[in-house]
Each structure stands twice: as C-alpha cells, then as structure tokens.
Number of protein chains: 2
Amino acid sequence: MNELDERKIKILTAIIENYLETGEPVGSRTISKYSDLNLSSATIRNEMSDLEELGYILQPHTSAGRIPSDKGYRLYVDSLMQQKESEVAELKTLMIERQDKMESVLKQIARVLAANTNYAAMITAPQYHQNKVKFIQLSQVDSTHILAVIVIEGNIVKNKIFSVAERLTSETLFRLNFLLNTNLNGLSLEQITLGTIAQMKEQAGVHSDVVSHVIDAVAEAIREDNDMEVYTSGATNIFKYPELSDQARASELISAFEEKQQLLSLAQKSLENTSETGIQVYIGNESPVKNMKDCSVVTATYDLGGGMQGTIGIIGPKRMDYENVVDTLKTLMKQLDTLLGDK
Amino acid sequence: MNELDERKIKILTAIIENYLETGEPVGSRTISKYSDLNLSSATIRNEMSDLEELGYILQPHTSAGRIPSDKGYRLYVDSLMQQKESEVAELKTLMIERQDKMESVLKQIARVLAANTNYAAMITAPQYHQNKVKFIQLSQVDSTHILAVIVIEGNIVKNKIFSVAERLTSETLFRLNFLLNTNLNGLSLEQITLGTIAQMKEQAGVHSDVVSHVIDAVAEAIREDNDMEVYTSGATNIFKYPELSDQARASELISAFEEKQQLLSLAQKSLENTSETGIQVYIGNESPVKNMKDCSVVTATYDLGGGMQGTIGIIGPKRMDYENVVDTLKTLMKQLDTLLGDK
DNA sequence: TGTTAGCACTCCTTCAAAACGAGTGCTAAC
DNA sequence: GTTAGCACTCGTTTTGAAGGAGTGCTAACA
C-alpha cells in the first residue's frame, strides 16, 4: 500500500510550512483556509487523523492542533533535498596556506551565518587526513632551548620548544636537521615506524633525545588536528524560539555550545556520513549530540582539496526554515571559494 | 557625620550574608532572630529604614524584605578585601615556555574554576608587554614558499608563510637570516624604526620584499597578543540563579560570553586597574561590560614575570559568595605557579 | 532617649473556579 | 467522498479571594 497519496502529502506539507512560520500547533481550519486544496476543515480533519496514525504529525494534547513529528520533518526535508541536489556537485575547490588568516575568516563566517539565519552557527577549521610531514627545522633560540618547527602538507605549521642540556654547535644542528628531513619528509603518522625512529636515534648518537622530542612534536602536530578549533556564533539566537528557550532546554543547548568537544563530534560524524550534496540534516533525535534532541542541525562539508575538509553547521529549532538554510549554506560555499581559494 | 555606626554595619552585614545564602529579600524578623544582636524586629526595622535611606539596601517593593544595593555590596566586599590583603603580596612568580601546553592548561583552569564555584569562569592567555624579538628563522618549505618563524621574548612563537617568485639559494637564505637577526633581535615593536627597515631593505637588495614580509610578520606577531585568546567555562551556571536566568538576562549574559571581545575588554580593564592584591571586584554597574550589569565579576591578575600577565575572572550573581571566590582564586594562583612555573 | 509590642496596611503570591476558545471526533445530510 | 453542525475536551487566561510576609507608625515602657 502506498502510505501517502498526493493529497495527504499536500496537507502534510501545508501543516509543516505553516508550523515553520508560526511555531504554533496548526489546526484543520487553518489548513482549509490557507491551502489551495479547497477542502473543508472537516475533510482536513479526517486526513489529519490519518496522518497522525501514520506517524507524520502529532498532537501535543487533545484539542490542540497538530505539529510535525520527526518523521514528518524527515519526509519534508528529503524531498526538498532532492530538488537541490544537482546544484552543489561542482562546488568543490582547493586552496592554499594563510593559516593565520584562516581563523579570522572562520570566525567571520560563523558570525555572518548566525546573523543571516537567526539560528546558531558553528564552523570547524579544516581537518587534515593523511597528513604528511613536509619540512622540519630545528633552531637554537637561546642557550638551553631548541625550537622545532614542523610544516605539514597544506602548509600547516606547528612549533615546539624544548630544553637541552647545553648549546648545540651549528654543525650538530645542521646534521640533525638533515637527518630529520631525509628520514621523515613525505611520511604520514602511520608511516613513521618504530624502526625508523630507532635508526634515527642511533644516527643522532648523544643527541637521540632531540630526536625523541621532535618525534613527539610531529605526532602532536599531526594528531592535534583532530581536536582542532571550532568557532561558534549566535548561540543566543535560540532564545528567539520559545520552544527552545525554557530554562532546561536553553541550558542544555548552551552547554553543548560551550563544550566544543560535542560540536566537534558532530562535525566528525557529519564528515563521515557525507552525502553527495555535502549537506546533511539531523532532525531531533537523529542528531549525534544528545543535547540537541529538541533541535535540528544542518551541516555542510566543505572540501578544499588535498584532504582538507571541515564542517559548517546551523543549529536551530525543528521548525527551521530548511530551504533558506540550505540555500544560505550553498551560497556560503561559493564565497568560501573566493575568500580562501585565491592567495 | 559618621554614616554608619557599628550596629548598622552589623545589621547590614547580616542582611547581606543572609541574602547571599537565600537569594530572597530578607526581612526584619529574620535578622532579629538570626543575628547575635538581640534586638527586636521593630528596632531592626528602624535601622533598616535608615540603611535604605543611606542607599545601602533597597526594597524591591513595599512589603518585601530588603536586598543589598550595589553600594551595600561594595562596602561588604571592601572590608572583606582588607582582611585578606596581606596574604597575596608574595604570589608573584615567573615561568617559561610551553606555549603549546598553555592552551590546555588555561582551558582546564577555567573548567575547574567554574565547577568549583558554580559560577561562570573566564581566563585569558598572558598578554605580553614590551615584547622583544628574540630570534628569527627563514626557511624554504617548497619551491615557492618561505616560512618565517619569529620567536619573541617569553618563547612565544609565530609563523608566517609567504610566496616568493623563485627558490632562494641557501646562501641567500643564510644571508637574510643573518641580516634579520643582527638587525632586529632584542628590539621591541616601538624600537623598529623606518630607518632600520630601509637600511635592511637596502642590504637585502633584490630580496627586499622578503624583508617586508618579515617585518609584517613581526608586527603581527607582537601586536596579535593584544587580541589574544580567552577561554570560558560554566556559562550555563548562570541558570542556577533565578535572578539571572530569565530569558532576557540570560540571553544578554550568554552573548557576552560568546562575544569574547567583551570579555577581553574586561580583562584589559582589570589589568589596568590592578590592585595590590591583584584581585578586584566589580559589582553590577561597576562592570566595564554593560551586559553584566546584573552580575558581579571578580577578577584576578596573574603575573608570570617578564611582563607576562593575564586575567582570571569569575562571573556570577551579585549575591556571589565573595569570600569563597576570593579564596579560590588565591589557591588557584598557587597552583598556577606549580603548573606553569617548572619544566 | 532608645527599645519594643501591637496593629493596621500594603502588596506579592498562591489557589481555585470560571470563562474562553481553539480544535477535535462524530454524525447526519448532501 | 465531502461537508455542516454540534457536543465535547482540554489547555489558557482571567478573576477574585485567601494567605502571608513585611512594613510603618504609634504608644508604652525602661
């Protein structure tokens, strides 16, 4: 049996769209008046009764109107996505360096997104996969400290300062630099074996501790990307939606924003599931972050080439203006290209 | 005329302490019963009437008890501070490096503070004054990109990657490194004159553009500290205090936490005003951040020597447990020493 | 003169009942 | 299959009364 005939879909859509606007349960009369179906409220009531039985809408209490269930939203969003699917495919880009500027650009994006949509926004810095060491440089910064600079693919730079017992001669430094670069360049974390390390330590002789420090730093540099920064903005927008702004819910949500760890796991999840369009929607309990069970989350994955990808997210009430959000995210991707893609 | 006699002070203190506990307006009867003054509620009422006229307490409405005014809190806090003043003087310390660890330590501190006090906490990374360049290193990371690493006093490391038209020979790099280090080391931003720069460019010949980039990077490195990071935790604790958790106030407060800029200006202010104890209290409208007009803010300045100082802040309701917060901050300072001071 | 008991008064809070109204389900007629 | 109509449900708002905490004032007391 085909669960939903065309009329039911029209009615369901009308209910959802109306609810998106008002945030109030919507009654049969409203639909009868404001849809182009020309049906009486009684007929609508019958259909609504069916829709409820099928689980697409629900009634907060007897004698209230109906609101969409997660299942209902899901149907709505899926069909919306289909319409837009084609446009996004060609958005992929690549970009370069400017890590220092990256941070402020990302913050800016989050701010713009939040302001434009009136929802809360988050954005993660690109996460790098299969990072390879590109360049290592040791320098003596003062009599007892060595600075190790590690550049990894994508021109991400990490530093580490560590102590040494006594000043190294410049020949020693040169030798160590050469040793490290010839052995490590082009390797990813997985490719650096204990064998390689042991061999390098042997060659470094009395300075094997320096090698250890550098290996540590490399591991840290490559791994650290995994708990990379996430920037948020507009968290207070949730107060604009009564269904989210009671004390308990607001507190839960705000704390999700504060504990960036949770947002990161959301981003992570979203990277894993990535769809063709790069855009995903989590409705209510579908969200990987349990604190957001009363919200919807729309995520977009941006891919800058070279395995550098990050996540943008919009968090809002279930009655989010999905269409607008999806469009905004797409437009944004384009701007991202312009901003980050050239110099 | 001496505004307050001893009895009035006792009564005021009793009112404040009672209000700190309960968060409810306190009436004359309560004071009469729970203070050691052995006065009837009627007498207390007379005194309270005086105290109100003097502006130390106020009545939310007729037939409610009294609550402390900002002026009242101020008196209470000031006398509290006097008692503790002596202890803190010797807390100053110095510390070194480990910039990479710094971030996680700071976050950790914010979290601990928020959890211990049940208020919201913030902490800024140390801000450096009169920074001097310690060491500069240029390296060729690939055929068209140069990495400039700048180490400034306090072992803070900044990087910048920029493009060059063609690969530089290693002699050229060596020469430029030597040029930059001999000319810039030991100088602060103010000490780098246009004359110095012109001279260096001349010596650099065709590579004068590299010098420009490095100068840019140095300026950025030193200045960037001024909009340094601030970490927060426990923002949601404000929901524990009914007088702060109505929608309007909560939203205002949370947005102050999100807009780190505001917190930074708070930290800045607190650095400027620094008192002998390093601890300051802003009550209500005294706060430099207007969004916090319904809160109190306790800030502590930590000084790691070498002009490196930062700010720790606790943000909570006006009926904050000042005594406990001040103590906690002091204990924390000690732990900070242990954590950052060695290694 | 300072302290206290007593009392009338204010005004917030709580509670329950009543009025309201939005929306439904069902039935009967078209 | 559609619709009008009506009784009914149930959340929300309004209203008024009761309760209670706390005050200010006055008069008496030490």
Side-chain angles (χ1 to χ4, degrees), chain A residues 1-2 4-12 14-16 18-19 21-69 72 242-243 245-246, chain B residues 1-2 4-12 14-16 18-19 21-69 72 242-243 245-246:
Chain A
M1 153 216 182
N2 197 338
L4 294 175
D5 57 27
E6 194 169 341
R7 195 171 74 176
K8 281 201 173 51
I9 290 184
K10 273 195 179 161
I11 292 175
L12 178 56
I15 292 173
I16 294 181
N18 195 288
Y19 182 67
E21 273 175 40
T22 65
E24 300 284 302
V26 9
S28 51
R29 186 115 193 296
T30 317
I31 300 301
S32 143
K33 270 204 298 201
Y34 294 103
S35 79
D36 51 358
L37 289 166
N38 278 333
L39 295 173
S40 78
S41 64
T43 313
I44 303 287
R45 275 203 291 282
N46 291 332
E47 295 287 43
M48 281 166 90
S49 177
D50 292 355
L51 283 170
E52 181 165 10
E53 202 174 329
L54 291 169
Y56 290 100
I57 54 182
L58 31 93
Q59 217 173 357
H61 55 83
T62 19
S63 87
R66 308 301 213 288
I67 62 174
S69 68
E243 70 268 44
S245 58
D246 68 291
Chain B
M1 154 215 181
N2 199 339
L4 293 176
D5 57 26
E6 194 168 341
R7 196 170 74 176
K8 282 200 173 53
I9 289 183
K10 272 195 179 161
I11 292 175
L12 179 56
I15 293 174
I16 294 181
N18 196 289
Y19 182 67
E21 272 174 40
T22 65
E24 299 285 302
V26 11
S28 52
R29 187 116 192 295
T30 317
I31 300 302
S32 144
K33 271 205 296 203
Y34 293 103
S35 79
D36 51 357
L37 290 166
N38 278 331
L39 295 174
S40 77
S41 64
T43 312
I44 303 287
R45 275 204 291 284
N46 290 332
E47 295 287 42
M48 281 165 90
S49 175
D50 292 354
L51 283 171
E52 182 165 9
E53 203 174 330
L54 292 168
Y56 291 101
I57 54 182
L58 30 93
Q59 216 173 356
H61 56 83
T62 19
S63 88
R66 307 304 214 286
I67 62 174
S69 68
E243 70 268 44
S245 57
D246 69 291

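If you're wondering where the values come from, they're calculated on a predicted model, not measured in any experiment. Letters A, B, ... are given to chains in the order of the sequence lines, protein chains preceding strands, and every chain is numbered from 1.
Within residues 45-52 of chain A, the residues having any heavy atom closer than 4.0 Å to DNA chain D are, in order of number, A:Arg45, A:Asn46. Residues from residues 26-42 of chain B with heavy atoms under 4.0 angstrom of DNA chain C, sorted by number: B:Asn38, B:Leu39, B:Ser40, B:Ala42.
The distance from atom CG of A:Leu37 to atom CD1 of A:Ile11, rounded to the nearest 0.5 Å, is 6.0 Å. Note that CD of A:Glu243 and OG of A:Ser245 are 7.5 Å apart. Values are rounded to the nearest 0.5 Å. Atoms CD1 and CD, on A:Ile16 and A:Glu21 in that order, are 13.0 Å from each other to the nearest 0.5 Å. In this structure, OG in A:Ser40 is found 11.0 Å from CZ in A:Arg29, a value given to the nearest 0.5 Å. Atom CD1 of B:Ile31 and atom OG1 of B:Thr43 lie 13.0 Å apart (nearest 0.5 Å). Separating the CD1 atom in B:Ile15 from the CD1 atom in B:Ile57 is a distance of 4.0 Å, to the nearest 0.5 Å.
Judged by distance alone, the side chain of A:Ser28 and the main-chain N or O of A:Ala42 form no donor-acceptor pair under 3.5 Å.
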key: Pairing string, 5' to 3', for DNA chain C - Watson-Crick or wobble contacts under 3.5 Å, brackets [ ] where pairs cross, | to another strand   = ||||||||||||||||||||||||||||||
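Taking every heavy atom of both residues into account, B:Ile67 and B:Pro25 meet most closely at CG2-CA, 3.7 Å. When all heavy atoms of A:Ser69 and A:Leu58 are compared, the pair lying nearest together is CB-CD2, 3.7 Å. Scanning both residues, B:Glu24 and B:Tyr19, for their nearest heavy atoms gives O-CD1, 3.0 Å.
Among pairs with a residue in residues 44-54 of chain A, those fulfilling salt bridge (Lys or Arg N to Asp or Glu O under 4.0 Å) read A:Arg7-A:Glu47, A:Lys8-A:Glu47, A:Lys8-A:Asp50, A:Glu52-A:Arg66, at least two apart in sequence or across chains.
Think of the region where chain A sits on DNA chain D: with heavy atoms and a 4.0 Å cut, that region ends 5' and 3' at D:dT2 to D:dG11.
Heavy atoms of B:Thr43 sit under 4.0 angstrom from at least one base atom.
Contact annotation: the side chain of A:Leu39 never approaches that of A:Ser32 to less than 4.5 Å [non-hydrogen atoms, C-beta and beyond]. Between A:Tyr56 and A:Leu4 there is a side-chain heavy-atom pair separated by less than 4.5 Å.
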Quick one: which protein N/O atoms are closer than 3.5 Å to N/O atoms of nucleotides 13-20 of chain C? Pair and distance per line, please.
none

